[in-house]
Amino acid sequence: MIKKRLSRIYKKLYSSFGKQRWWPGDTKLEVIIGAVLTQNTAWPNVEKSISNLKKAGKISFKKLSKERMSGIARLIKPAGYFNIKAKRLKNVLRFIAESYNSSLSLMQKADGASLREELLGINGVGPETADSILLYAFGKPIFVIDSYTTRILSRLKILSQDVSYEDAQKLFMDNLPKDVRLFNEYHALIVKLGKDYCRKNNPRCQECPIRDEH
DNA sequence: CACCAGGCAAGTA
DNA sequence: TACTTGCATGGT
């Protein structure tokens with residue numbers, strides 16, 4: 001019974017790791033910026049970039065929109081891929097300006113499913129980035145999938161390793177209550193598990209808190 | 001030293 | 001549709 005299994009795994013992760021307090025970010029804009037900067041990048045490097053942006057006073061829709069691309073690239077350098085990410089941030093800002101009158105509170109009122117499609121239309125925003133923005137910036141009940149999720153679930157023989165993003169997401173959303181707090185915490189706990197126990201060259205599966213689920 | 005991280009898009013066949 | 005490659009810094 002997949003519903004019970006997913007719920008049991010969640011409880012085990014939560015009781016071993018506790019609340020994760022995601023997303024680390026003070027404002028919606030900061031969460032959105034972090035979602036782009038963390039693409040294929042370790043979080044500490046994102047934090048350095050966010051800190052640079054803060055020190056420069058650029059975590060503001062107006063200020064960041066006015067900033068030149070080379071200026072953004074310079075500030076976000078520690079996150080890697082700084083040229084392409086500067087462009088992606090610009091693309092996101094332009095979308096918000098054109099479709100939501102530069103208003104994140106107006107964007108907040110949008111329907112989750114249609115906003116998801118709009119976000120996916122931005123060059124530089126794929127499914128994980130879009131869903132991270134929806135869940136963690138806007139509190140929409142959408143489950144975020146990442147490489148840890150499919151890796152761990154394939155080890156548990158719940159999914160095959162090459163499952164599509166959409167199918168993995170459907171598994172969670174069809175078998176869990178659509179609860180924002182649950183989706184928020186579950187994804188964060190999976191990332192914690194992946195980082196600490198299931199990393200590629202560091203599989204400490206013997207000490208893994210869901211070892212008995214294998 | 002090698003490997004990889006809270007992805008995505010563009011190019012190729 | 002299904003691979004492959006570029007993007008780039010910083011931690012382990």
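Everything numeric in this text was worked out from a predicted model, so none of it was measured. Below, chains carry the letters A, B, ... as their sequence lines are ordered, and counting in each starts from 1.
Between the C1' atoms of dT4(C) and dG6(B), the separation comes to 23 Å (whole Å). As rounded to the nearest Å, dA5(B) and dC3(C) have C1' atoms that lie 22 Å from one another. dG10(C) sits 24 Å from dA9(B) when the C1' atoms are compared, rounded to a whole Å.
Between Y10(A) and Y186(A), the ring-plane angle classifies as tilted under the 30° and 60° cut-offs.
Separating the CG atom of L119(A) from the C1' atom of dC8(B) is a distance of 15 Å, rounded to the nearest angstrom. The CD atom of E47(A) sits 11 Å away from the P atom of dG6(B) (whole-angstrom rounding). Computed from coordinates, the E185(A) CD to dG6(B) P distance equals 17 Å when rounded to whole Å. Rounded to whole angstrom, the span from the OH atom of Y186(A) across to the C1' atom of dG6(B) amounts to 17 Å. Here dA9(B) presents its P atom at 8 Å from CG of L120(A), a figure rounded to the nearest Å. Summarising the geometry, the separation between CG on L89(A) and P on dA9(B) is reported as 14 Å, rounded to the nearest angstrom. The distance between atom CD of Q20(A) and atom C1' of dG6(B), rounded to the nearest whole Å, is 12 Å.
Here Y136(A) does not count as stacked on dG6(B), because the ring centres are not under 5.5 angstrom apart with planes under 30°. Between the side-chain ring of Y148(A) and the base of dG6(B), no stacking contact exists by the 5.5 Å and 30° definition.
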What string of B, S and - do you get for nucleotides 3-12 of chain C, 5' to 3', when a contact is any protein heavy atom under 4.0 Å? ----BBBSS-

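Applying the 4.0 Å criterion to OP1 and OP2 of dG7(B), one finds that T38(A) has every side-chain N and O outside that range. Proximity of R151(A) to the phosphate of dA5(B): a side-chain N or O atom is located under 4.0 Å from OP1 or OP2.
No engagement by L37(A) is indicated, since no non-hydrogen atom pair under 4.0 Å with the nucleic acid exists.
Remark: the N184(A) side chain and the R181(A) side chain contain no N/O donor-acceptor pair separated by less than 3.5 Å. In this model, no donor atom of one side chain and acceptor atom of the other lie less than 3.5 Å apart for S49(A) and K85(A).
Residue S132(A) is the one, among S132(A) and V125(A), whose nearest nucleotide of DNA chain B lies closer to the 5' end (criterion: closest heavy atom).
Note that CZ of F172(A) is 13.0 Å distant from CD1 of I142(A), once rounded to the nearest 0.5 Å.
We find that E213(A) and K11(A) are not joined by a salt bridge, their nearest charged nitrogen and carboxylate oxygen being 4.0 Å or further apart.
Each of D167(A), I152(A), L153(A) was evaluated against L159(A); a single residue qualifies, L153(A), per the side chain to side chain contact (heavy atoms under 4.5 Å, CB included) test.
Side chain of S99(A) to main chain of I96(A): no donor-acceptor pair is present (N/O by atom type, distance under 3.5 Å, no hydrogens or angles).
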